[in-house]
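A short write-up of the structure that comes next.
Within every chain, numbering begins at 1; the chains are lettered A, B, ... in the order of the sequence lines, protein sequences first and strands thereafter.
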Protein chains: 2
Amino acid sequence: MECQAQEFKHEYKKEMRAVQDAMYVLNGKWKIPIISAICYYNKRRFSDIMKDVEGISNRMLSKELKELEMNQIVNRIVLNTQPITVQYELTQHGLTLQGIINNLTDWGVRHRLKITGK
Amino acid sequence: MECQAQEFKHEYKKEMRAVQDAMYVLNGKWKIPIISAICYYNKRRFSDIMKDVEGISNRMLSKELKELEMNQIVNRIVLNTQPITVQYELTQHGLTLQGIINNLTDWGVRHRLKITGK
DNA sequence: CAGTATCCAAAGGGATACTG
DNA sequence: CAGTATCCCTTTGGATACTG
């Protein structure tokens, strides 16, 4: 019993860390909207994402994309145009976020209904 | 075609808002760890959550619990002891977050493996 | 077009001390 | 026990201007 409690505790801490890892990647105001936009269009350019994600500044978009790239969520593809254009796409790993984003979306709809009644 | 694009755009914006609503509720360093702790023990007291969620201060725990209560994620139950004790439990609405948290946990494990290799 | 650089305001959050 | 209050540093993020 004590032993199992220890076991639980250990698992619990590991799960805690995992969920915090996940949230760390997705945290902030813009990460999920950016991922959603890229996912929705499959491939998407910097200036287009700016239009998709309402209210974001180029500074923030740049910063967030860099972080997402570091976390292997998006790929950055430079095209040989003049002037250069850059496309972003989700990696295989990034695509595995789709289910979570869909769940969050559904929950968000129910939550808004619950809180505001519409 | 144009019309359907408009339709898509409209849906897309609604979904964007929904996912942002959800993230707004869960954002920050502590929300999900707190929810997880309460969920794990079913009912949990303030001082116990302090121990469960490593590193949190009483100030932060108080603030976050208040927000979760406002968003109808947790119920606050004052017990008639001396001195008073307070229990927190998830609401029905709060319980609907379990699936999302589990998904985030699973994803977090895979992500850590991907990034750190362990 | 796809960013960087700089500056600044607001929010987040830790440490400590205090209260009913 | 379950918080509040205060102080203060850090992080986030907006506005504007600039560059290859």
What's the CD-C1' distance between B/Glu54 and C/dG14, to the nearest Å?
16 Å
Exercise: identify the closest heavy-atom pair between A/Ile38 and A/Leu65:
CD1-CD2, 4.1 Å
Do the side chains of A/Leu104 and B/Leu95 join up, straight or via other hydrophobic residues, at under 4.5 Å, putting them in one cluster?
yes
With a 4.5 Å cut-off on side-chain heavy-atom distances among I, L, V, M, F, W and Y, is there a chain of contacts connecting A/Tyr41 to A/Ile32?
yes
For B/Glu64 and B/Lys29: C-alpha separation, side-chain torsions, deciding distance, then whether salt bridge (charged side-chain N to carboxylate O under 4.0 Å, His left out) applies.
CA-CA 10 Å; B/Glu64 301 287 69; B/Lys29 200 171 168 183; over 6 Å; no
Under the 3.5 angstrom rule, does the side chain of B/Thr96 hit a backbone N or O of B/His93 as a donor-acceptor pair?
yes
Which letter, B, S or -, goes with each nucleotide of nucleotides 2-15 of chain D from 5' to 3', with contact meaning a protein heavy atom under 4.0 Å?
SBB-B------BBB
Do [X] and [Y] have side chains that get closer than 4.5 Å, going by heavy atoms?
X: A/Glu89; Y: A/Asn42; answer: no
X: B/Lys114; Y: B/Arg110; answer: no
X: A/Ile73; Y: A/Leu97; answer: yes

Dot-bracket, DNA chain C: Watson-Crick or G-U, under 3.5 angstrom, [ ] crossing, | other strand?
||||||||||||||||||||
